[in-house]
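A short worksheet on the structure shown next.
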Amino acid sequence: MFRYILRRLFYGLLVLFGVVTIVFFLFNFKQGDPSLMLGGQNANKEILESIRHDLGLDLPLLLRYGLYLNDLSPISVYNKNFNNSHIYLDSTKYSYVKLFDWSETRTAVLKYPYLRRSYSTDREVSDIIKSTLPDTAILAIASIVIATILGIFLGVFAALNKGSFLDNSSIVFGVLGMSAPSYLSGIIIAWVGGNLWTEVTSLPMLPFFFLLLGLCFSLILNFKKRIRSEVKKRMQWSGILEMTVKGFLLGMAIWLFGIILNGFTGMTIIPGVSSYMELPGTGLEGTGVLAERDEWTREYKYHWDRLILPAITLGIRPLAIVMQLTRSSMLDVMSQDYVRTAKAKGVSSFRVIFKHTLKNALNPVVTAVSGWFASLLAGAVFVERVFDWDGIGNQLVNSVLGEDLPVAMGITLVIAVFFVVINILVDVLYGFLDPRVRIS
Amino acid sequence: MKKGIKWHLRILLILLLVSFFAPIITNNKPIYFKLNDIHHFPAFKDLINPNHTIIIDGRVLNSSSDWRNMKYQSVLWAPLRNGAMARDPHNQDFQSPLKRSVYNDGKIKEITSQHILGTDRQGHDVFAQLLSGIKYSLMIGFSSIILAAALGILLGAVSGFYQNVYKIGKGALIAICISLLPAWFYGFSIRSYAIIDGFQENAINGTLQILFSLLIFVGIIKIFTWLGKRIDKAFELGFINFPIDNFITGITEIFSSVPSIIIVVTVAAITGGKSTLILIILLGLSSWPVFARITRGEVLRLKGMPYIESATALGIKKSKIITHHILINAMPTLTVAIAFGFGSVLLAESALSFLNIGVPDHTITLGALLRSGREHIQAWWLIVFPGAMIFLLIYLFNQIGDRISERSNPV
């Protein structure tokens, strides 16, 4: 097992090295002159030349590649006499541990991987990533939580009531969710939730979310069985209406409670609820950055209600997959002999479903979810763009549009690292679960 | 229950035809007119080159009112009189399809269904833009999937068939290495302007130019390889073993470890010049690893079959075994991969044009329509119709892939 993990790690490092190589040469293959951008309009030739020298753009391509690798690797050699900050470590600004002197001018140091500085803002790239990655992580975690919980519930119910309306609609939803691109569903959800809902009802997002939840659960509860009689069908529809209205009222009540508390005490107990409504920068309700800085008090204000719409959008695709997988593996397990035995022994149906069947049916779902977590980062690019969420994907697109090479390179590398690490973790998990994988 | 793909293919064919003949269906220029006893067919010329100009009496006709106010001897208009590139100044600022559009013809008269899917901010007709967006999407999809499939199937078949024992003569190896330079020079470096010109004219011309370049490239390499083999036979230089399988699978692994859409987004923006050719090459290069992996698996599976052994025993050439005996039998799986790949390429293209990255400016695409809808979200017709179209295209290709795979391996 240990040798297997070591081998996977070595392989992952090789892949990362290849990724760094490809990314570097793709980005440096043909690029505009950043010195023109940095120097401004009035820069003369000497200034441009000095900027180019500072960025190391006058060096040959292969030497630049070597220097970039040197910056990225934790153990690196740097020249004390160089002072162009975009390539070499500045000893006064960055902490490092000195290992030994290579020669009179060169020193070997131990440090964090250095991703250089942004062209346009002159911030460190690792700093930018540090400030934007948590937002994306919050978004990804929220969407994967929504997707797994709802997906497993819906999948179990669909499998238990095979052939019913709920089952058929879950299949249709699966196909739709797989085909719809995330930016399209994002725009539609932004339009419905952020514009149509507020225009028609002039209410905030929270009741909308609860209304959706109520609709989901009422569908689950009312379409369990295939019903033939007309009267019962009518009862089904009224039941759905009742649950939806209940969900809406619950959301309204929570919102009102939050408003009253906020109005009387000035506390925000329920996140995202305050007594006044404000429009974010995009002009849409429920979109915008998570942490907004107050102009006067210089404090960050968190808008948790803005998480709802992007999380739903990002969660649609994993939700469809989790639902399909749960449904098919539940159907698989339910036809096994031990489930029949358990039923014959008189075990309660709740226990049969949740202890005997679901536990065994969840294995493929868990691996699928862990695999999807990495690709959520890639899918987040469009969702963040649509909802103006200040995450790593939006940062990537902004830096790419502004031709800010170091930032774009750094973010691409970080996403690649995430992919490789998660792939290794999944492989190790597989090896742990299935001894056959380890040997081959 | 038989699940056919007949209807999916029919709908695709209809979309293809309608988008290809879009200038005849909806155009601000007449299909046919007669002036000074000369017959003109401007809408048909739009089919071949949308940027062509017609000069009459020394005057270039561009705007819709120019066309409308001409004194024709006889004229036949298109069924819908809105061009994809033409602005309608009377119906700008997001005209809803539900409202009655204004149609000003010197004397004012109103026509109810002038813009059947509404207009955008500049007054472009959404329906005409939708049709040309479909055409652009399908064109990009076809050309980049051909590139990706060719590359992926070639590399996958080679790595699966030879595995790690690819013996190559020293002379041939040196000859191939030498030949790459003149092949690249005569194939692409000299002809780069011809390719770019071809794509500026239209897509078919550009694709033909690229194919011609590829032909030159492969031909030069082929001649050098033949020469190298002669040298090998004459001097008996010996063989080198090249671990081709490890090499290709390693590259595949690296390419698939970064999500392709991120590579495409970043590189498309950074290569600077927004051109359709670069976009096609990027999309093709980013989606070949899937084909390589699938082809490799199929080749490994089919290689152990008895009939391959007998073909080898008969002394058939290895390249012929790969093409005539293995790849033919791997066709169903590859078709499925191509159908799914088409869907993902369409998705990537519309995503790029949604972000306004890589796609040339003033190109009408479905993603660009969606972007203008995102900027003015009250105009629902700019979101719903292009969105539904993207969704329909991806859905069709996914379903075709699903159903072919269901048919080829029935459980």
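By convention in this document, chain letters (A, B, ...) are assigned in the order of the sequence lines, proteins followed by strands, and residues within each chain are numbered from 1.
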Side chain from CB out, backbone as N, CA, C, O: work out which of these in B:Phe354 comes under 4.5 Å of a heavy atom of chain A, or both, or neither. side chain
Side chain / backbone / both / neither for B:Phe397 at chain A, heavy atoms under 4.5 Å: neither
Scan A:Val15, A:Val19, A:Asn423 and name whichever one has a side chain to side chain contact (heavy atoms under 4.5 Å, CB included) with B:Glu253. A:Val15
Spacing of A:Leu184 atom CG and B:Ile383 atom CD1 [to the nearest 0.5 Å]: 9.0 Å
Separation of A:Phe382 CZ from B:Leu355 CG (nearest 0.5 Å): 5.0 Å
So what's closer than 4.5 Å to chain B heavy atoms on [X]: side chain, backbone, both or neither?
X: A:Leu176; answer: both
X: A:Ile22; answer: side chain
X: A:Tyr11; answer: side chain

Chain A: which of B:Gly367, B:Ala351, B:Ser350, B:Gly373 shares the most heavy-atom pairs with it under 4.5 Å? B:Ala351
Heavy-atom closest pair, residues A:Pro181 and B:Leu347: CB-CD1, 3.0 Å
Can you tell which of A:Leu14, A:Ile187, A:Thr21 has the highest number of heavy-atom pairs within less than 4.5 Å of chain B? A:Ile187
